[in-house]
Each structure stands twice: as C-alpha cells, then as structure tokens.
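Each remark here refers to the structure printed beneath this line.
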Amino acid sequence: MSNDENTPVLRGCIKLPLANDELLEVTSKAKDYAIMHGAAMRSKTAFSPDSLNFAPFVLVPSSFPRKEFEKAIALQPIINRLMHNVAHDEEFITTTLAETIKVDEFTANLFNIYRKVLAHGFTQRISLGMLRSDLMLESCCPELSPMLHHVENNMAASTVTAAANAPATSTVAAATSTVAAATAGGGGDDDDDVAEANGKVDNVGIVRATKSAYCCWKQVEINTIASGFGHLGPASKTIQSFVLRELGHAEKLKHMPKNDALAGLCDGMVKAWDIYGKPESVILFIIEDISYNICDQRFHEFYIRETYPHIKVLRRTLTEVHREGKLGQRKELLLGTTEVAVIYFRAGYEPAHYPTQGEWDARYLMETSLAIKCPSIHYHLAGTKKVQQALAQPAVLERFINDPEEIKAVGKIFTGLYSLDDNDAGNANYEMALRTPEKFVLKPQREGGGNNVYGVDIPDALKRMTRVERSAWILMDLIHPPLSQGYMVRPGSEMPPQIVDMVSELGIFGVVIGDADNIVHNYQAGHMLRTKLSTANEGGVAAGLGALDSPYLIDSDGEEGYY
C-alpha cells in the first residue's frame with residue numbers, strides 16, 4: 001500500500017499526540033485489558049498451547065464516514081442474497097471456473113467434490129452462509145466533490161509550500177485559513193461532501209494537508225469460508241471504549257456503533273441446528289492442527305454453550321474427521337455415535353489444510369452428509385476470486401438480482417476486476433498490467449492472507465506464468481484509501497508507541513440460510529475493522545500484519561468532538 005502527500009487524512013476521534021506519561025499508563029492498562037477480555041492470540045514465533053499474547057490493536061478507534069458505514073450495513077442482506085443465488089447456479093460456477101481448474105490444483109480439487117456431489121444429488125439442500133464482505137474507502141472516488149479537488153490543488157500550489165517555511169506553531173493556522181478561504185462561499189449541495197481541511201505536522205516535521213473528505217467504499221472481497229473476527233470485532237470496541245473512558249472521553253462512545261457480531265453469527269449456527277431438528281445432534285467446528293487465532297474460535301463455542309446449553313459443540317481437524325467420521329443409514333454424519341447437525345469450517349480454505357488424500361476424503365464425506373454445512377462446497381466455490389471477478393460485470397449481476405436499484409447499488413461498490421484468461425480480453429489485461437503495474441493487485445484463488453502480488457512485483461510474477469497458468473489469477477484495481485493516524489500497539493513493540501499512518505479495512509458480517517428455492521433467514525450480523533500501517537500491503541491480524549480496530553463514525557460536514 002502506498003500513499004503520497006495528496007492522500008486525504010481522516011480526522012481522529014481525539015487530539016493526538018497524548019502526553020507521554022498518559023500514553024504509557026493507558027497503553028499498559030489496555031494491554032492487560034485486552035488479554036483479560038479475550039482479545040488475544042497464540043504466538044506464532046514462540047508457540048505454546050498454554051500461553052497467549054494480546055492481539056495487536058489500535059489504541060483509539062479509527063474514523064470512518066457514517067454515511068458509508070450505514071450504506072455497507074444496509075447493503076449486506078442484498079450481498080447475502082446475491083452470493084446465495086450465485087452458489088446455487090451450477091452453470092455459472094462451472095463456466096466461470098472452467099479455465100481456472102485446469103491450472104489451479106486446489107480449486108480443481110474443490111470443484112471435483114462439487115461435481116461428484118452434484119452427480120449424486122445434494123443430501124442436504126439447506127446451506128448456512130456466514131459471510132464477511134470486506135471493503136475499503138476509496139479516496140479517488142468519482143463521487144468525490146469537484147470542489148475538494150479544487151481545494152487540494154490550491155493547497156498544493158500555495159498552502160503547503162508556504163507553511164513549510166513557517167514556524168511549527170503557525171503551520172496549522174496558516175493551512176486552516178487558506179483552506180477556509182478556498183471553501184468559503186461554496187454553498188449548495190457540495191457543502192455536505194467537502195469538510196473543513198487543516199494542516200498537520202507529522203512526527204518528522206513534514207507538513208501535510210488533512211481533511212475529513214467524503215470517500216466512497218469499494219469491495220475488496222467477499223469471504224464465504226472461515227469468516228473470522230466475530231469475537232475480535234466486538235472485542236476491539238470493548239478495548240477502545242475502555243481507553244476512551246480512561247482518557248476522559250466517555251462522550252465519544254456514542255459515535256462507536258453497536259456490534260453484536262459474535263451473537264449474530266452464533267445465532268446463525270443455532271438457527272441451522274434448529275432446522276436440522278435433532279435435539280441430540282451437535283455443532284462441529286472444523287479447525288486447523290494448530291489454532292493461533294484461538295480466542296476468536298473459542299468465544300463462538302463458549303457463546304453457544306452459555307446461551308444454548310442444550311447444544312453441544314465439538315472441534316475436530318479434517319484428519320480427525322477422516323479417522324472418526326462415517327455416514328449413518330440416512331447419510332447423517334456420525335463421529336463415533338454422535339450425530340452432527342451443523343459443520344462450521346474454520347479450516348479447509350487453503351492447500352496446507354489437506355496434507356494427504358485423507359483430508360480430501362473427509363471433506364467429501366461431509367459434503368455428502370445430511371449435516372448443514374457452513375459453507376457448503378458450492379458456497380466455498382462462490383467465494384473464489386474468479387467468481388467475484390465475473391460478478392463485477394453489470395450484465396452478470398442481472399442474472400442474480402432482479403431489482404434495478406439493487407443492481408445499481410451493488411454495481412457501484414465493485415472496483416475494476418479483470419480476467420487474465422488466454423483470450424483477447426485476458427491478453428489485453430495482461431499487457432495493461434505490464435504497462436502500469438502500480439495500479440493493480442494480482443490475486444489467486446486463495447483465502448487467509450499473504451497470497452497477493454502488488455504493484456511493481458506484478459510484471460515478474462506474470463512473466464513467470466504460462467498463458468494457461470495466468471487464468472488461475474485475477475487483476476484488481478488498487479484501492480487508494482484515506483489515511484488515519486494513531487497508535488498501533490503490538491506484543492513486544494516499543495513503549496510508548498509512536499503515531500503512525502494507517503489504513504483500514506471494514507468487514508460486514510452476514511448470515512443467510514436456505515436452499516436453491518427459498519431463503520429462510522437473511523440478515524446483517526455485525527462488523528469488524530482491521531487496520532494496518534499505510535506502507536503494508538497485506539493486513540491480516542492473524543498473519544501478524546494488521547491490528548484490531550473499530551469504527552468511530554464521523555459526518556463529512558464536520559461535527560464537534562474530533563480533530
């Protein structure tokens with residue numbers, strides 16, 4: 001992720017920097033608070049099943065435009081329905097993945113299971129989708145007010161240059177007065193989209209224009225398997241609410257939206273369990289051999305056990321299912337003598353989860369069973385990057401959504417997604433990527449983070465591929481999010497933490513349950529926010545590259561209480 005001096009900076013919820021003594025004290029408290037409230041992970045570098053580190057977190061919540069947050073929340077049930085319809089369209093999935101499965105062995109193995117299940121007919125027609133729609137703000141949005149560009153140009157030409165030569169104490173005043181003059185008298189509808197801008201001197205003395213600019217949001221991806229952070233999303237708000245109260249800013253809490261992600265997702269599993277209709281049956285979590293992100297998984301289990309004590313939860317690896325699992329007379333999934341009603345996959349989304357044929361056999365066994373899967377194999381395939389690239393075409397959306405207004409709303413959130421298949425369009429996209437690689441991200445059909453290729457690294461990666469191999473990847477426009485500034489707290493990092501430039505990715509959870517003909521449950525189920533250094537490409541917290549965060553909602557026309 002790159003940025004320059006023209007990148008907008010969202011105003012924070014409190015004025016920074018904090019006094020050094022205050023920062024040291026509240027950070028130390030927040031670390032302990034995180035551990036004691038389950039915002040923790042096992043260490044990958046010094047692993048022990050008996051110890052936890054706090055998960056990396058941002059000390060105070062990051063700003064997010066209220067209008068865009070509310071739009072994302074409202075759109076999630078439509079996205080749920082879209083993905084449900086996609087998952088149940090055999091022709092679309094088969095055609096869309098036809099070239100990919102020729103060269104991507106992992107996707108081909110998943111597709112082979114799908115094909116065999118289709119041939120015998122689905123034993124269980126009901127699917128449980130627990131989705132997470134990931135998005136980022138786009139500061140280069142076509143909807144951005146023309147006046148803002150006018151302001152930026154004026155600032156770049158005069159304010160920043162003049163302020164750079166001024167004493168530090170006068171910089172903010174000089175920049176603020178210039179921007180105020182540039183925006184004065186604008187009037188009209190543009191006033192809602194252009195907020196007050198000011199100047200800021202960062203830690204190394206560089207003067208930068210900052211503004212609470214209007215930004216639209218763009219889709220990064222839709223996760224249909226192992227959509228994590230149902231616990232850590234709400235836990236982030238808990239930590240940051242504690243910090244704001246400790247700093248004397250309790251009045252800010254009203255701008256942090258309610259987040260019931262853990263309850264919303266777990267209730268989805270329970271609804272599926274109810275549909276299955278066997279009181280003695282259990283919910284099965286499919287897990288990795290080593291679960292680093294243990295709190296996020298266990299809190300799902302603990303919530304179900306505490307809220308619905310009559311429902312038992314089991315945890316098994318794919319290897320253990322291969323060893324213990326079998327089908328009963330009705331094709332019910334049995335682990336020993338225990339019947340499984342619902343299968344929740346927290347593993348199975350990457351090749352390393354299938355070290356032998358036995359794990360693939362276990363996956364097929366579960367797919368042919370009567371248990372309700374989250375996700376079913378067709379939902380898993382619907383979440384591939386290749387399918388999402390195809391959905392970005394307006395004509396394709398019409399296949400799955402009937403309402404013209406919904407088609408328009410969903411279409412606006414997609415950024416550019418391009419095929420690299422060996423045909424005229426794919427070859428043209430290949431040449432485009434070689435000419436201007438800095439504009440793109442190269443993505444394979446993988447989940448879990450750490451798989452993408454960015455910017456200047458793209459040409460070498462593409463040149464190492466054959467024409468056929470390229471079809472396993474898609475090209476996506478690089479999103480240019482606005483910056484936020486704050487303190488990122490990590491295990492073992494320096495104290496006190498330093499103010500850093502950051503960018504955030506918002507995930508909206510959704511639950512959808514139904515079969516090919518009918519949806520019985522469809523709702524938005526909370527959110528999570530991951531924040532990373534602005535210079536980092538990948539941002540997964542479990543992968544060690546991001547930090548827990550939560551949104552602080554701001555209005556683009558300015559409001560009291562943030563800076």
Side-chain angles (χ1 to χ4, degrees), residues 41-44 47-50 104-117 120 123-124 127-128 130 223-228 269 272 281-302 304-305 312-328 331-381 383-384 445-451 540 542-543:
M41 294 179 174
R42 287 175 174 153
S43 171
K44 288 190 173 182
F47 174 80
S48 168
D50 300 324
D104 187 317
E105 182 181 6
F106 178 69
T107 305
N109 285 337
L110 294 173
F111 189 84
N112 286 338
I113 291 175
Y114 174 61
R115 186 167 52 193
K116 287 192 291 183
V117 172
H120 294 95
T123 304
Q124 176 57 262
S127 291
L128 165 61
M130 298 205 308
N223 299 278
T224 61
I225 183 169
S227 302
M269 286 187 263
S281 62
V282 303
I283 296 175
L284 172 64
F285 286 20
I286 299 298
I287 60 170
E288 299 170 86
D289 291 330
I290 299 176
S291 295
Y292 296 101
N293 192 10
I294 188 65
C295 289
D296 199 56
Q297 295 181 21
R298 283 293 192 188
F299 271 87
H300 287 72
E301 176 184 352
F302 298 159
I304 292 171
R305 294 295 292 141
K312 189 173 181 180
V313 176
L314 299 181
R315 290 165 59 86
R316 296 289 188 274
T317 65
L318 287 167
T319 306
E320 289 169 334
V321 172
H322 176 60
R323 186 169 61 242
E324 302 173 22
K326 62 182 180 181
L327 297 185
K331 292 191 175 181
E332 69 273 24
L333 178 64
L334 299 173
L335 295 176
T337 58
T338 302
E339 183 171 351
V340 176
V342 177
I343 305 171
Y344 172 45
F345 285 94
R346 286 299 293 250
Y349 53 81
E350 65 176 40
H353 297 163
Y354 302 86
T356 72
Q357 183 59 41
E359 286 74 30
W360 284 111
D361 293 343
R363 182 70 186 269
Y364 177 65
L365 176 76
M366 289 184 282
E367 292 297 338
T368 59
S369 78
L370 194 62
I372 298 173
K373 274 75 68 176
C374 178
S376 56
I377 191 67
H378 42 305
Y379 253 97
H380 191 165
L381 292 172
T384 57
Q445 315 301 313
R446 296 288 182 273
E447 301 300 333
N451 301 297

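Proximity of Phe345 to His380: side-chain heavy atoms (C-beta onward) are nowhere separated by under 4.5 Å. Met41 is not listed as a side-chain neighbour of Tyr292, based on a closest heavy-atom distance of 4.5 Å or more. Counting heavy atoms from C-beta outward, Arg298 and Arg315 have side chains that approach closer than 4.5 Å. The shortest distance between side-chain heavy atoms of Leu333 and Met366 falls below 4.5 Å. Annotation: side chain of Met130 is in contact with side chain of Met269 (closest heavy-atom distance under 4.5 Å).
Pairing each heavy atom of Val321 with each of Ala362, the nearest pair is CG1-CB, 4.0 Å. When all heavy atoms of Leu327 and Ser369 are compared, the pair lying nearest together is CD2-CB, 3.6 Å. The two residues His378 and Ser376 have their closest heavy-atom pair at CE1-OG, 2.9 Å. Closest approach of Gln124 and Leu370 over heavy atoms only: NE2-O, 2.7 Å. Thr338 approaches Val282 most closely through the heavy-atom pair CG2-CG1, 3.5 Å. Here the shortest heavy-atom pairing between Val340 and Ala371 reads O-CB, 3.5 Å.
Ring orientation note: the planes of Trp360 and Tyr354 are close to parallel, at an angle under 30° on the 30°/60° scale.
Donor-acceptor pairing under 3.5 Å is lacking for the side chains of Glu359 and His322. Side-chain contact check for Gln297 and Asn293: no donor-acceptor pair (N or O, by modelled atom type) lies under 3.5 Å.
A salt bridge is defined here as a Lys NZ or Arg NE, NH1 or NH2 lying under 4.0 Å from an Asp or Glu carboxylate O, and Glu367 with Arg363 meets this definition.
Not one N or O on the side chain of Thr317 forms a donor-acceptor pair closer than 3.5 Å with the backbone of Asp289. Under the 3.5 Å distance criterion, the side-chain polar atoms of Ser291 are left unmatched by any main-chain donor or acceptor of Ile294.
The 12-atom threshold is not exceeded at CD of Glu105, counting heavy atoms of other residues, nucleotides or ligands nearer than 6.0 Å.
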